[in-house]
Amino acid sequence: MSTLSEAYKDNPLQLHHIIPLDFHSVQVVPDSHLWPHHDSQDFPSGVTSDGHSSMPSIDLSDPNVVELVGHACQTWGMLQVTNHGVPSSLLDDVESEARRLFSLPAQQKMKTLRSPVGAAGYGSARISPFFSKLMWHEGFTIMGSSLVDHARELWPHDYESFCDVMEDYQKKMKALASRLLLLILKSLDVTEEEMNWAASVHESEGALQLNSYPSCPDPNSAIGLAPHTDSMLITILHQCNTNGLQIFRDGVGWISVSPAAGALLVNVGDLLHIFSNARFPALYHRAVVNQTRHRISVAYFYGPPADSQVKPFVKLECPCYRSLTVKEYVSIKAQHLEQALSLIRI
Ligand SMILES: O=C(O)CCC(=O)C(=O)O
Ligand SMILES: [Fe+2]
């Protein structure tokens, strides 16, 4: 079975030279990080009374969970889940271990800088080469087998707690993602064979992305993470109790998704958009930064093995995307970013 790490290795982005700024050492936003102003005008009045979205929030023990999840995926491309079974102590631990990592001196973090062909380790966002300005962001990607080696580089004598927490978190995320995928498939009325396909997804490796957005002297002139859709089937996002995520709603614009204590966000990625034959929108989203808080977020990307086929489920008529492998899609996305979906449309 070919893995996602291999697919990324085969499609290197010219990322190695894009090194995150040593954010704590700067007092003003340098020109390299200056984006066009995005201020409160991005939050049109009338969306909700407080300018924030009313994301569907779904209790996973609700008897109507299948319909609710299906409806949220179709109308928002995103949902918030509660009663998800991930202990709140683990949510706190993953945040504090991520904070411990990003608080290290820049030269220490640089020891785990992603290699030119690797996807795991420290560095800028994978989408960085597509933009002329840099982002107020640093990331650390956990995928494949590099976790222990990287943790040892970061903390030669004290790396176990990081590894234990990240391994436990990945395991819990995989179980939750697997459960969510089954609910999603049920809502789409797929064939028995397609239902069984979910088991092979469970065998594939996911990726864990730790995001760090240091406080920023001029947050309206910087961007944490530029607008994008996630490539895999679904993403489970832990916002760590700090605002920053914004989603794009047609006819409305950018709206903030406030974190709710203990809840997790789930969003539709490109591959699920394809499998759903465009019934579910791939969520277009970005992260903004703020002046006072160092925001952390943790994203888990769940997708099928790299050599498996991606195509609209058979009962969804008139397929609007051609069939291709995950690997091929990763390669098209690595070259064309947001144009990738339109390039495979029938
Ligand atoms: O930090 C966030 O809220 C969003 C993170 C994200 O979009 C990603 O890691 O792909
Ligand atoms: Fe994302």
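Remember, predicted model here, so these are calculated numbers, not experimental data. For ligands, and for the atoms within them, numbers begin at 1 and follow the listed sequence.
- Across all non-hydrogen atoms, the minimal contact from E205 to G144 is OE1-N, 3.0 Å.
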| request: Quick one: do R295 and Q239 satisfy side-chain contact (heavy atoms from CB on, under 4.5 Å)? Show the steps, please. | output: CA-CA 8 Å; R295 176 171 182 263; Q239 284 213 76; 2.7 Å; yes
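- Here the shortest heavy-atom pairing between W136 and S215 reads NE1-O, 3.3 Å.
- The salt bridge (Lys or Arg N to Asp or Glu O under 4.0 Å) pairs that include a residue from residues 136-164 are R100-D158, K109-E138, where partners are two or more places apart or lie in different chains.
- Protein atoms of type N, O or S found under 2.8 Å from the Fe ion (ligand 2) total 3.
- Nearest approach of I127 to A226, heavy atoms of both residues: CD1-O, 3.6 Å.
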Could you give the N/O to N/O pairs under 3.5 Å linking ligand 1 and the protein, each with its distance?
from	atom 1	to	atom 2	distance (Å)
ligand 1	1 (O)	Y213	OH	2.6
ligand 1	1 (O)	R295	NH1	3.1
ligand 1	1 (O)	S297	OG	2.7
ligand 1	3 (O)	R295	NH1	3.3
ligand 1	3 (O)	R295	NH2	2.8
ligand 1	7 (O)	H228	NE2	3.2
ligand 1	7 (O)	H285	NE2	2.9
ligand 1	9 (O)	N211	ND2	3.0
ligand 1	10 (O)	H228	NE2	3.2
ligand 1	10 (O)	D230	OD1	3.2

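- No more than 12 heavy atoms of other residues, nucleotides or ligands lie within 6.0 Å of CG in D250, so this atom counts as exposed by the packing criterion.
- More than 12 heavy-atom neighbours from other residues, nucleotides or ligands sit within 6.0 angstrom of NZ on K133.
- Sorted by first and then second residue, the salt bridge (Lys or Arg N to Asp or Glu O under 4.0 Å) pairs involving residues 257-274 (not counting sequence neighbours) are D270-K333.
- A cation-pi arrangement, defined by a distance under 6.0 Å to the six-membered ring centre and an angle within 45 degrees of its axis, is absent between R249 and W254.
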